[in-house]
2 protein chains.
Amino acid sequence: MNHNIQQFKADFFKALAHPMRIRILEVLSEGNKNVNELQSILGSEGSAVSQQLAVLRNKNIVFGLKDGTSVIYSLRDPLITDLLAVAKRIFDNHLVDAISLLEVIRNES
Amino acid sequence: MNHNIQQFKADFFKALAHPMRIRILEVLSEGNKNVNELQSILGSEGSAVSQQLAVLRNKNIVFGLKDGTSVIYSLRDPLITDLLAVAKRIFDNHLVDAISLLEVIRNES
DNA sequence: TTCCTATATTCAAAAGTTTAAAAACTAAGG
DNA sequence: CCTTAGTTTTTAAACTTTTGAATATAGGAA
């Protein structure tokens, strides 16, 4: 049971562990969007976006409501926005070093 | 470059996406520990713990300082504790449903 | 010094999971 | 019945996990 809880937490973070899925959550933090809008904002093909939305749906992180032929997606919990905000503060603390290091390495080779 | 930033964020969440790694971060949130202490708290074998610490070290989430024959690990950024606290609030909102559902399914089969 | 023990890390193989891309499918409207 | 919007399925390649054995290194004892 305790093991189940840890696995549940790991699965939650696994759902965030993908560039397009993070992007989707950042976009949905600003407001609900249908799949078409997500596609244009992310500049990605439909099936790729749907596939990642399915992962987020299966983990109960987002949900979609049908509206005619389109499906409007929303965050299931507004705390996701807070989580991304804390994560952003962590990234900002470390990204500068990590990326400038990366560029030094790149320019040297 | 933008793509690099999203990949960097995804890699960060990927580092959290493992039951033992989350547990390690929760334990280190309460205070620094050497590998032996982590092993007994987690009830796991040395090589498994070391391997997961290596993942967290490589993503700059923890760091280890040698002290004689042991190595004392610490969180690199105290915001990790805040992140886990927000995540915990999200889990608490959804775990109850998810796990009681799981138990219903289990008892029925 | 030389060896022994405790602590921690790395390596390697097998098993399992995730990803990306394309094709096939469904469902609502016109 | 055709089009548009979205989803599902399929597959190979890439990646991660788990386990045990091998390696490294600091400190103490003989």
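Residue numbers start from 1 in every chain, and the chains themselves are labelled A, B, ... in the order their sequence lines are given, proteins ahead of strands.
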Asks: Return the set of residues passing side chain to side chain donor-acceptor pair (under 3.5 Å) with B/Asn58 (not counting sequence neighbours), or none when no residue passes.
Replies: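 By the side chain to side chain donor-acceptor pair (under 3.5 Å) rule, B/Asn58 matches no residue at all.
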Asks: In whole angstroms, how far is the P atom of C/dT7 from the CG atom of B/Leu53?
Replies: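 In whole Å, C/dT7 P lies 16 Å from B/Leu53 CG.
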Asks: Suppose we screen for side chain to side chain contact (heavy atoms under 4.5 Å, CB included). Which residues come up paired with A/Asn32, at least two apart in sequence or across chains?
Replies: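 Testing A/Asn32 for side chain to side chain contact (heavy atoms under 4.5 Å, CB included), a comparison that skips the adjacent residues, returns A/Ile72, A/Ser74.
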Asks: Under 4.0 Å: is that the gap between some side-chain N or O of B/Asn36 and OP1 or OP2 of C/dA8?
Replies: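 Checking B/Asn36 against C/dA8: at least one side-chain N or O falls below 4.0 Å of OP1 or OP2.
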Asks: Between which nucleotides of DNA chain D, read 5' to 3', does contact with chain B run, using atoms under 4.0 Å from its heavy atoms?
Replies: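 Footprint of chain B along DNA chain D, 5' to 3': D/dT16 to D/dG27.
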Asks: Which nucleotides of nucleotides 19-30 of chain C have their base under 4.0 Å from a protein heavy atom (B), which only their sugar-phosphate (S), and which neither (-), written as one string 5' to 3'?
Replies: SBBBB---SSS-
Asks: Which pairs pass salt bridge (Lys or Arg N to Asp or Glu O under 4.0 Å) with one or both residues in residues 12-35 of chain B, sequence neighbours excluded?
Replies: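 Checked against salt bridge (Lys or Arg N to Asp or Glu O under 4.0 Å) - neighbours excluded - the pairs reaching residues 12-35 of chain B are A/Lys9-B/Glu26, B/Arg23-B/Glu26.
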Asks: Using whole Å, what does the distance between atom C1' of nucleotide C/dT18 and atom CD of B/Gln7 come to?
Replies: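 Rounding to the nearest Å, CD of B/Gln7 and C1' of C/dT18 are 13 Å apart.
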Asks: Group every Ile, Leu, Val, Met, Phe, Trp and Tyr by side-chain heavy-atom contacts under 4.5 Å, then state whether B/Val55 and B/Phe12 land in the same group.
Replies: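 In one cluster with B/Val55: B/Phe12, no.
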Asks: Which residues satisfy the side chain to side chain donor-acceptor pair (under 3.5 Å) test with A/Thr81, sequence neighbours excluded?
Replies: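 In terms of side chain to side chain donor-acceptor pair (under 3.5 Å), with neighbours along the sequence ignored, A/Thr81 is linked to A/Ser29.
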Asks: Just jot down the side chain to side chain donor-acceptor pair (under 3.5 Å) partners of A/Lys66, sequence neighbours excluded, or say none.
Replies: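 Side chain to side chain donor-acceptor pair (under 3.5 Å) list for A/Lys66, sorted by chain: empty.
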Asks: Please tell me if B/Tyr73 has a side-chain N or O lying less than 4.0 Å from either OP1 or OP2 of C/dT9.
Replies: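 True: B/Tyr73 side-chain N/O within range (under 4.0 Å) of C/dT9 OP1/OP2.
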Asks: Quick one: ring-ring contact (aromatic ring centres under 6.0 Å, His included) pairs with a partner in residues 18-73 of chain B, sequence neighbours left out?
Replies: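 ring-ring contact (aromatic ring centres under 6.0 Å, His included) check on residues 18-73 of chain B returns no pairs.
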Asks: Whole-Å distance between C/dT17 C1' and A/Asp11 CG?
Replies: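 Distance check: A/Asp11 CG to C/dT17 C1' gives 12 Å.
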Asks: I'd like a table of donor-acceptor pairs (distance under 3.5 Å, sequence neighbours excluded) in which one partner is a side-chain atom from residues 42-50 of chain A, with atom names and distances.
Replies:
residue: A/Ser44; atom: OG; partner: A/Leu42; partner atom: O; Å: 3.3

Asks: How is B/Ser70 classified with respect to the nucleic acid when contacts are heavy atoms under 4.0 Å: base, sugar-phosphate, or nothing?
Replies: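 Sugar-phosphate contact only.
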